[in-house]
Amino acid sequence: MTLRIFHDAGFEAPIGDHIMPIRKFRLVADALRDDPRLEIIAPEPITEEDLRRVHTAEYIRSIRTGEPRALAESQKFPWSAELYPSVCLTNGGVYAAAKMALDRGVSAALASGFHHACEDHGEGFCTFNGLIVALEKLRAEGRIRRAAVLDMDLHYGNGTASLAESRDWIFALSIYGNDYWQNVPHRDVETIRHPAGPNHSEAILANGCRGEEMLAILEKALPRLLHDGRPDLILYQAGADPLREDPYSPLDLGHEDLLERDRRVFAFAKAAGIPIAWVLAGGYTKDTSQVVAVHTNTARAAIETFIDSR
Ligand SMILES: [Zn+2]
């Protein structure tokens, strides 16, 4: 068996010179392309009907038309006519990966999950919340009844938490080291805390957190994904921004620590027999090759866990 993952050149919206290195989607695909243990597949875009299960009509229209401009750029990208098709395609990648995971146990979209995107606006470089859009589409198709989102991006997954609140069939767990409030990241997680709410929970990684502390917190938190019953699918935000070199990261985590994080997450899913699909999430280290290395290591951990061991 090969690992089937999703990427398309159209994932890249033309956002110019931006702190979000959107070219990383292509760089990760290029780094993985020659590995005979995986196949890279182009997904189909999701439709406006798919978006409407999660986002308001006014917000979707703003992304499509650019008006009102403040709403169309609420995610902090410069609006262009190419934005709407690119985010439909990245969300389509998340959906395709989630569906593939149901069929084959594991998959990925080499795109972000967009965990800051809320029902009626975008935030933090996240336009539409591909995680919830994908889960809603699979549920509408009768493929899943319950699902979990494990968010290990550096930042708190505020958009996913807000969308989970009204969906009792989703449980979202955010394990974060940089708080996030009103579209601004805060390095000190002790200054602003996000309490758990209906269908979402959190765990924090304190400033200076090292690998063994992060892994202990992760191991303790993982069983929470099973609390309300076994989910039919786990979506995993495997962020590259917890890396110590990242400008937003107050954590003391290196490549080996994040690789071990990914191994533990995949081992948990495999042991529980729950399909898992991952997405790239954030990563802003100035040397983009460092970001790409974290993401290719996630693929390595998945191959080790699900492909090599067969
Ligand atoms: Zn982030």
Side-chain angles (χ1 to χ4, degrees), residues 11 13 15 18-25 27-28 74-77 87 90-91 94 108-118 121-132 149-164 172-189 191-194 200 202-207 209 214 217-218 221 235-255 257-258 261-262 265 278-288 290-298:
F11 282 4
I15 56 171
H18 197 279
I19 188 168
M20 155 65 192
I22 202 161
R23 68 185 184 285
K24 80 174 184 180
F25 302 154
L27 297 175
V28 174
S74 51
Q75 79 293 69
K76 295 186 173 175
F77 282 157
V87 289
T90 48
N91 276 204
V94 181
L110 303 184
S112 298
F114 304 120
H115 65 160
H116 296 311
C118 298
H121 68 282
E123 286 187 24
F125 319 144
C126 299
T127 307
F128 298 134
N129 194 307
L131 304 162
I132 307 298
V149 178
L150 172 62
D151 189 340
M152 292 202 71
D153 186 83
L154 174 70
H155 301 98
Y156 176 68
N158 64 313
T160 304
S162 71
L163 291 166
L173 173 61
S174 182
I175 303 177
Y176 63 99
N178 181 320
D179 216 318
Y180 183 88
W181 192 250
Q182 295 182 337
N183 220 349
V184 178
H186 298 267
R187 286 177 69 93
D188 186 356
V189 285
T191 55
I192 303 169
R193 286 287 299 274
H194 295 275
H200 64 89
E202 51 110 46
I204 61 162
L205 308 176
N207 289 354
C209 180
M214 178 270 289
I217 289 164
L218 171 62
L235 293 184
Y236 172 38
Q237 284 253 115
D241 47 8
L243 197 66
R244 68 167 73 84
E245 286 82 6
D246 192 282
Y248 294 117
S249 179
L251 310 178
D252 188 14
L253 301 175
H255 286 287
D257 300 317
L258 295 178
R261 168 197 73 174
D262 297 336
V265 170
W278 87 89
V279 295
L280 304 186
Y284 308 94
T285 304
K286 209 165 181 326
D287 173 2
T288 304
Q290 299 286 316
V291 177
V292 172
V294 174
H295 294 316
T296 53
N297 273 343
T298 307

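All residue numbers in this chain count up from 1 along the given sequence. Note that the coordinates shown come from a computational prediction; the quantities given were computed from them, not determined experimentally. First listed ligand is number 1; within each ligand, the first listed atom is number 1.
- No donor-acceptor pair under 3.5 Å is formed between the side chain of Asn207 and the backbone N or O of Pro250.
- A donor-acceptor contact shorter than 3.5 Å links the side chain of Asp241 to the backbone of Leu154.
- Remark: side-chain polar atoms of Gln237 are paired, donor with acceptor, to backbone N or O of Gly113 under 3.5 angstrom.
- Applying side-chain hydrogen bond (donor to acceptor under 3.5 Å, both in side chains) to Tyr236 and the options Asp151, Asp262, Thr298 leaves one that passes, Asp262.
- Here His155 meets the criterion, with an N, O or S atom under 2.8 Å of the Zn ion (ligand 1).
- When you scan the N, O or S atoms of Asp241 for the one nearest the Zn ion (ligand 1), you land on OD2.
- Residue-level check: among N/O/S atoms of Asp153, OD2 sits closest to the Zn ion (ligand 1).
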